[in-house]
Every structure is written in structure tokens, then in C-alpha cells.
Amino acid sequence: MSNIRHPLTIEFALLGFVRQQPMHPYELYQRMHGDSALGEVWRIKQAHLYALLRRLEDEGYLMSATSSQGNRPPRRVLSITERGRARFAEWMRTPVVRGRDFRLEFLAKLYFAHQEGEATARFLIAQQRWICRRMLDDLDKQVATIAPDQPYRRLVAQFRRGQIQAMLAWLETCNKELALVER
């Protein structure tokens, strides 16, 4: 088993729930799988959630306190630190730079950006559109350098290009949906 610590990414979405109000880990698990629209995108097992929350606490983004419950065992209640608030805000407003992060991470960012307000969501969408256009430009340059005897490499690049074009089209749909909500 590896002890390599990968950088935190989608885990910052957990801070988004705790920033709204302090909560215990099981309550967070229920909110993510209950009526939260984010639960339609991001599924996480309870044990994994608890490990991620512990890591966020170890990194100084969350803090916990014990809350008594009368005759029942005390509960651990999590709240976000100022460092966690700042890091969450930075994470939420930063577009993803790899196409593979779009489905999970960008959708989580958009979920919380929309909660912050239409201006925050539009800013994130505009930033993501700019990144996607840059990705397309980079792919076009790559395709231009692929030798004619490497059709598979060209097909892979064309596939990736199609995915990014679909992302751009969907981001335009997001802008239209936000315009409808404004009215």
C-alpha cells in the first residue's frame, strides 16, 4: 500500500457543506446523498468520506469539537477554519485544467458557485470557457504535428477535441440557464 499523499482536489467540495453550518460527519454524509444535487454527480462511501474529512482536519481546513448528547455517546462536530474558508473560495472560483476533471470537480465547483450567486457562477463559467478554448488550441497544435503514419494518435486527439467542444457547448447552455433564472 502506498503512503503517497495526493493533493487535495474534489475533497474541497466537502468544505462547501461544512462552511454553511457546523455538522457531524454522518450528517454530512446524509446531506451529500440526500436531497443535494451534488449527490447526483459525486458518490462517496461513508468510510472514504470520514478519511477525507480527517485529512481536511489534518491539513487545517476543518476543526472538530466534541458535543455531548445526554445519555448517548458524544459526537464529533466539524466546522470550517478561516484557512478552510479561504481555500474553499479559491478552489470554487478556479476552473479545472484537465478534461478528465470536468465531470466531477467542475460540476462540484459549479454547484457551490451557483449557491454563492449568479455572478460567481458566471465568473466560473467564463474562466472555464477560456481554459477549454486554450485546450482546443493546444490540441490543434498537437494534431498538426502528428505524422500521417500515426492514425491512432490522431484519433485520440480528435476524440479529446470532441469532448472539449462538448464541454464548451454545455458551458454555453449553463449561461442560458442562468439567464432564464435571472428573469
Problem set entry | Test log, rule side-chain contact (heavy atoms from CB on, under 4.5 Å), inputs Gln115 and Thr120 | CA-CA 9 Å; Gln115 287 182 349; Thr120 303; over 6 Å; no
How far does [atom1] of [X] sit from [atom2] of [Y], to the nearest 0.5 angstrom?
X	Y	atom1	atom2	value
Cys174	Arg122	SG	CZ	10.0 Å
Leu49	Arg54	CG	CZ	12.0 Å
His48	Glu11	NE2	CD	6.5 Å
Arg161	Met135	CZ	CE	12.0 Å
Glu118	Ile125	CD	CD1	9.0 Å
Leu53	Leu15	CG	CG	9.0 Å

Exercise. If you count the non-hydrogen atoms of other residues, nucleotides and ligands that lie under 6.0 Å from CZ in Arg160, is the total more than 12?
Worked result: no
Problem set entry | Within 6.0 angstrom of Asp149 CG, more than 12 heavy atoms from elsewhere |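 Counting other residues, nucleotides and ligands, CG of Asp149 exceeds 12 neighbours.
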Exercise. Taking it one step at a time, do Leu136 and Gln165 satisfy side-chain contact (heavy atoms from CB on, under 4.5 Å)?
Worked result: CA-CA 8 Å; Leu136 280 178; Gln165 286 174 319; 4.1 Å; yes
For this session: List for me each residue that meets salt bridge (Lys or Arg N to Asp or Glu O under 4.0 Å) alongside Arg153, sequence neighbours excluded, and say none if there are none.
Result: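 For Arg153 there are no salt bridge (Lys or Arg N to Asp or Glu O under 4.0 Å) partners, ignoring immediate neighbours.
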For this session: Indicate, with yes or no, if the rings of Tyr61 and Phe12 have centres closer together than 6.0 Å.
Result: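 For Tyr61 and Phe12, the ring centres are under 6.0 Å apart.
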Exercise. Is the distance between the ring centroids of Tyr26 and Tyr50 less than 6.0 Å?
Worked result: no
Exercise. Heavy atoms, side chains only, cut-off 4.5 Å: are Leu178 and His114 in contact?
Worked result: yes
If you compare all heavy atoms of [X] against all heavy atoms of [Y], which two are closest, and at what distance to 0.1 Å?
X	Y	value
Leu78	Val18	O-CG1, 3.6 Å
Gly60	Thr81	O-OG1, 2.7 Å
Met92	Ala113	SD-N, 3.5 Å
Ser64	Glu57	OG-OE2, 2.6 Å
Pro22	Val77	CB-CG1, 3.8 Å
Ala157	Ile146	CB-CD1, 4.3 Å

Single-linkage hydrophobic cluster [X]~[Y], side-chain heavy atoms < 4.5 angstrom:
X	Y	result
Ile131	Leu139	yes
Leu110	Met167	yes
Tyr29	Leu62	yes
Leu168	Trp130	yes
Leu107	Leu171	yes

Problem set entry | Charged N-O contact under 4.0 Å between Arg75 and Glu27 | no
Exercise. Could Glu116 and Arg19 be called an ion pair, given the rule that one side-chain N must be under 4.0 Å from one carboxylate O?
Worked result: yes
For this session: With sequence neighbours left out, write down each residue that passes ring pair (Phe, Tyr, Trp, His ring centres under 6.0 Å) with Trp170, or none if nothing qualifies.
Result: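 So Trp170 forms a ring pair (Phe, Tyr, Trp, His ring centres under 6.0 Å) with Phe102.
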